[in-house]
Amino acid sequence: MSTHNLPVIQATIHDDKPTVTSLQVAKVFGKRHDNVIRDIRNLAISQGFNALNFASTYYLDSKGEPRPAYIMTRDGFLILAMGYTGAKAMALKEAYIAEFDRMEEELAKRASLALPDFTDPAAAVIAWAEQYRANALAQQQAPRLSHGNTKGIGAAR
C-alpha cells in the first residue's frame, strides 16, 4: 500500500513521552471512537502495563459534553494496534511507528541541548525565548484534550 494516501500522524508530548490519543487512532484507522475505547478496555494486559502506557482523559464532543478518551504511549499504541489487521492497518502501524521515532528523536535533541551561556545574559535570554516559542508552538499543535484528570486505565475499570 502506498503511504502517500495515509493521514498525517502527529504524536504529542504527555508526561515527557510521545503519545497519541484514542481519538487519533479512531480517525486514522477509520473506526468509531467508542469501539476503540472498547478495544482498549478489553486489552488483556497487566495493571502495571495499563498504568504506564494508557491514561484516561476526556474530550468535549460537539454538544459540549464530556466523553471518555485515552492517551497512549508508543507501547500502548502497539499493543492496541496489534489487533487491527489488513494491508491498510499495517501501513498505518508503520506510519505511527515512524512518527513515534521522529518524536523520540526530537525529545532526545531537546534533552541534549546545552544550557545557554549564563555569563552572557543576552545570549541566555535569546536561548530562553527560542525555547519558549518552540514550546508554545508545540502546545498549539497538540490535540485539545483535558489532561487535568488523567489516570491509568487500571484504576478506571
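Along the sequence shown, residues are numbered consecutively beginning with 1. Just so it is clear, the values below take in all heavy atoms, side chains as well, and ignore hydrogens, waters and symmetry mates.
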Problem - Closest heavy-atom pair and its distance - Leu60, Gly64 - result: CD2-O, 3.7 Å
Handout entry: Short side-chain to backbone donor-acceptor contact, Asp15 and Lys17, under 3.5 Å
Key = no
Problem - Spacing of CE belonging to Met90 relative to OG1 belonging to Thr85, to within rounding of 0.5 Å - result: 9.0 Å
Practice task
Would you check if Phe54 and Ile45 make a side-chain contact, meaning some heavy-atom pair closer than 4.5 Å?
Solution key: yes
Practice task
Check the pair Tyr58 / Glu65 against side chain to side chain contact (heavy atoms under 4.5 Å, CB included), numbers first and verdict last.
Solution key: CA-CA 10 Å; Tyr58 66 92; Glu65 296 177 357; over 6 Å; no
Exercise for the section: Please answer: with hydrophobic residues joined when any side-chain heavy atoms are less than 4.5 Å apart, are Leu52 and Leu78 in the same cluster? Expected result: no
Handout entry: Residues which pass side-chain contact (heavy atoms from CB on, under 4.5 Å) with Pro68, listed by chain and number, not counting sequence neighbours
Key = Arg41
Exercise for the section: Using a 4.5 Å cut-off on heavy atoms from C-beta on, say whether the side chain of Tyr70 contacts that of Thr21. Expected result: no
Handout entry: Pi-cation contact, Tyr84 with Lys31 (under 6.0 Å, within 45°)
Key = yes
Problem - Atom pair CZ (Phe77) and CD1 (Ile71), whose distance is rounded to the nearest 0.5 Å - result: 16.0 Å
Fill in the blank from the handout: The salt bridge (charged side-chain N to carboxylate O under 4.0 Å, His left out) partners of Asp16 (sequence neighbours excluded) come to none
Handout entry: Listed partners of Arg102 passing salt bridge (charged side-chain N to carboxylate O under 4.0 Å, His left out), at least two apart
Key = Glu99, Glu106
Practice task
Could you check if a side-chain atom of Met72 sits within less than 4.5 angstrom of a side-chain atom of Leu80, using non-hydrogen atoms only?
Solution key: yes
Handout entry: Partners passing side-chain hydrogen bond (donor to acceptor under 3.5 Å, both in side chains) against Ser22 (at least two apart in sequence or in another chain)
Key = His33
Handout entry: Heavy-atom check, side chain of Val20 versus side chain of Thr12, under 4.5 Å
Key = no
Practice task
Answer yes when Arg32 and Asp34 have at least one side-chain N-carboxylate O distance shorter than 4.0 Å, and no when they do not.
Solution key: yes
Exercise for the section: Report the residues that fulfil side-chain contact (heavy atoms from CB on, under 4.5 Å) with Met82, sequence neighbours left out, ordered by chain and then residue number. Expected result: Ile79
Fill in the blank from the handout: Residues at least two apart in sequence or cross-chain that pass side-chain hydrogen bond (donor to acceptor under 3.5 Å, both in side chains) with Tyr96, listed by chain then number, are none
Handout entry: Residues in side-chain contact (heavy atoms from CB on, under 4.5 Å) contact with Arg38, at least two apart in sequence or another chain
Key = Asn35, Asn42
Exercise for the section: Would you confirm whether Thr19, through its side chain, and Thr73, through its main-chain N or O, come within 3.5 Å as a donor-acceptor pair? Expected result: no
Handout entry: By ring pair (Phe, Tyr, Trp, His ring centres under 6.0 Å) - contacts of Phe100 (at least two apart)
Key = none
Handout entry: Single-linkage hydrophobic cluster Phe49~Leu43, side-chain heavy atoms < 4.5 angstrom
Key = yes
Handout entry: Within residues 75-86 or reaching into it, pairs that qualify as salt bridge (Lys or Arg N to Asp or Glu O under 4.0 Å) - sequence neighbours excluded
Key = none
Exercise for the section: Mind checking side-chain hydrogen bond (donor to acceptor under 3.5 Å, both in side chains) for Glu104 and listing every partner two or more places apart, or none if nothing turns up? Expected result: Arg74
